[in-house]
Amino acid sequence: MENFSELIENRRSMRKFTSDELTQEEVVALLKVGLMSPSSKRTNCWQFIAVDDKEVLKKLSLCKEQSASFIADAALAIVVVADPLASDVWIEDASIASIIIQLQAEDLGLGSCWVQVRERFTAEGIPSDEYVRNLLDVPLQLQVLSVIAVGHKGMERKPFNEEHLQWEKIHINKYGGK
Ligand SMILES: Cc1cc2nc3c(=O)[nH]c(=O)nc-3n(C[C@H](O)[C@H](O)[C@H](O)COP(=O)(O)O)c2cc1C
């Protein structure tokens, strides 16, 4: 368990994984935080599809033309879907759940990366959400927001460098206020 500031500094997107599997406890911990994520009016409009089947992971890695290939080597992919009819802020709710899963992964010493699905396309020009829906039998009323790829870190990444903080994006009391 890292302290919170260290956790935030150390969480960097991991796109290279070892072949080590996750324990059942790790998988449960990752899914549990999804279910504990805050959601507007506690509608809990999200659902999570845990994929650990190697063949399915390989197919899932083709959900986008680029920046998704590493899903094939992940031990687990958590597909975050949500019901827009249950909440008008489903994108926010599903996004919060996605990042909380990533923070839990870091806390477990695991690597993770968010793969954007909504508004993206496969190499063949099929909408990525449609591709994932067909692959995983996602019901029509649910939208696919993201895939969170998780696994044991396959490379070192430096923590966030505080020298890169864009303090100019902070405004005090009014826009442009110092
Ligand atoms: C909404 C969102 C969508 C993202 N989509 C992808 C993606 O499709 N593929 C990918 O490799 N990384 C994706 N990322 C990861 C970002 O590229 C990464 O967070 C950013 O470059 C900062 O790097 P860091 O996470 O290592 O600090 C996404 C991140 C966010 C927040």
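Order of appearance sets the numbers: ligands from 1, and atoms from 1 within every ligand.
- The contact set between ligand 1 and Lys64, taken as ligand atoms under 4.0 Å from a residue heavy atom, comprises 7 (C), 8 (O).
- Per-residue contacts place Arg11 under 4.0 angstrom from the following atoms of ligand 1 (heavy atoms of the residue considered): 24 (P), 25 (O), 27 (O).
- Gln116 and Trp114 share a side-chain donor-acceptor pair at under 3.5 Å.
- Scanning the protein for heavy atoms near atom 6 (C) of ligand 1, the closest one is Trp114 O, 2.9 Å.
- Within the 4.0 Å heavy-atom shell around ligand 1 one finds Arg157.
- If you check which protein heavy atom lies closest to atom 9 (N) of ligand 1, you get Ser67 O, 2.9 Å.
- Using a cutoff of 4.0 Å between basic side-chain nitrogens and carboxylate oxygens, Arg133 and Glu130 are not scored as salt-bridged.
- Using a 3.5 Å distance cut-off with no hydrogens or angles, the side chains of Ser98 and Ser146 do pair a donor with an acceptor.
- Distance remark: protein heavy atom not present below 4.0 angstrom from atom 20 (C) of ligand 1.
- In this structure, of His164, Arg15, Lys158, the residue bringing a heavy atom nearest to atom 17 (O) of ligand 1 is Arg15.
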Problem set entry | Derivation of the salt bridge (Lys or Arg N to Asp or Glu O under 4.0 Å) call for Glu21 and Lys54 | CA-CA 11 Å; Glu21 298 299 332; Lys54 298 286 171 222; 3.4 Å; yes
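- Annotation for ligand 1: atoms under 4.0 Å from non-hydrogen atoms of Arg12 are 24 (P), 26 (O), 27 (O).
- Annotation: atom 25 (O) of ligand 1 to nearest protein heavy atom, Ser13 OG, 2.6 Å.
- In this structure, a donor-acceptor pair under 3.5 Å is absent between the side chains of Ser40 and Asp93.
- The part of Cys113 lying near ligand 1 is the side chain, judged by heavy-atom distances below 4.0 Å.
- Residue contact check for ligand 1: Phe70 places a non-hydrogen atom closer than 4.0 Å to it.
- Distances shorter than 4.0 angstrom do not occur between any heavy atom of Arg120 and any atom of ligand 1.
- If you check the side chains of Asn10 and Arg12, you find no donor sitting under 3.5 Å from an acceptor.
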Exercise. Should Glu106 and Lys153 be marked as a salt bridge (Lys or Arg N to Asp or Glu O under 4.0 Å) after you check the CA-CA gap, both sets of side-chain angles, and the distance that decides it?
Worked result: CA-CA 10 Å; Glu106 175 59 36; Lys153 296 177 183 179; 3.0 Å; yes
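- Between His164 and Phe160, the ring planes lie perpendicular to each other; the angle is over 60°, past the 30° to 60° tilted range.
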